[in-house]
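Numbering of ligands and ligand atoms starts at 1, following listing order.
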Amino acid sequence: IGIRCFPFRDRLDRNLGAVTVFHDITTLKKMDQLKSDFVSMVAHEIKSPLNSILMQMKVILDGLAGDLTEKQTEILKRSADKITSLAQLASELLDLSKIESGLINQERETLDLGQLIKDQVQFFRDQADGKSLKLTQKPGPDGLSAIVNRTNIEEVVSNLISNAIRYTPPNGKIDVWCDQSNDCVNIHVADTGLGISQEDKPHIFDRFYRVKNEQTRFINGTGLGLAIVKSIVESHHGTIHVESEPNQGSHFTICLPKPEYDL
Ligand code: ADP
């Protein structure tokens, strides 16, 4: 049941009462579930064949099925790139529908955030070096922890670092660190990259939203990464916030409830 409440006020803004509307949204919910089931079924069905096509293409590209001309190699590489993007889309759609239907792994554990950041920074080291980006873990308080699902929060940090690498031109800087505020433990990912305009900022967490301009034209993506990040953070009763200026960089902050505040 959906409930909406409208207050009644007189001219002096004094409360006179309220009207409450109870709305049966069973059909809406059922349709939403059907849509979600359909998306995840399609994504699941196309993900495996795409991955197997990619493996077979790799065999050909590695020369294990005979020699290729330069032209054939080039065409095959371009096709493999497109299939990689499609497989990525299927996988992200699947992730999103799992999270939104509450089917994500609910197992929680106490996770040392400094260690989590250390592992992720190490994982992305080669990718950052390959683009001459200085990826650093800034020091934070020792032993800062949160009660989270490890796989999900790893995915959150990994998506944010991967975005920072993709949207920061060579020779830029990416810092990742954790700290705490009143009732939150925070994870920060800050870059000196392209930044995000005021107009785009409210939309970047929407599904399929991609910033379209000259600078982002050749950067591949699905527009689902930040939607996944937001859904995961919210499923942990947390919030995500971004500060950004075009051509100055972006600073994403994730706030997770301190263990004693977790609901
Ligand atoms: P994708 O990167 O696949 O397009 P995301 O949902 O991860 O999708 O991001 C949505 C949009 O937000 C991106 O298209 C990009 O324009 C912008 N964005 C995300 N992270 C950054 C960042 N660190 N710096 C600049 N722009 C970013």
Listed once per pair and sorted, the ring pair (Phe, Tyr, Trp, His ring centres under 6.0 Å) pairs that draw on residues 125-183, sequence neighbours left out: Trp177-His188, Trp177-His251
Looking at Asp81 and Lys77, is any side-chain nitrogen of the basic one under 4.0 Å from a carboxylate oxygen of the acidic one? no
Looking at every heavy atom in both Ile232 and His236, which two are closest together, and how far apart are they? O-ND1, 2.9 Å
Are Lys35 and Asp37 ion-paired here, with the side-chain N under 4.0 Å from a carboxylate O? no
Answer with yes or no whether the hydrophobic clustering places Val156 together with Phe123; edges join I, L, V, M, F, W, Y residues whose side-chain heavy atoms lie under 4.5 Å apart. yes
Report yes or no: do Phe208 and Phe38 belong to one cluster of Ile/Leu/Val/Met/Phe/Trp/Tyr joined by side chain heavy-atom distances under 4.5 Å? no
Near ligand 1, which residues have a heavy atom under 4.0 Å away from one of its atoms? Asn163, Ala164, Arg166, Tyr167, Asp191, Gly195, Ile196, Ile204, Tyr209, Arg210, Val211, Gly221, Thr222, Gly223, Leu224, Gly225, Leu226, Ser250, Phe252
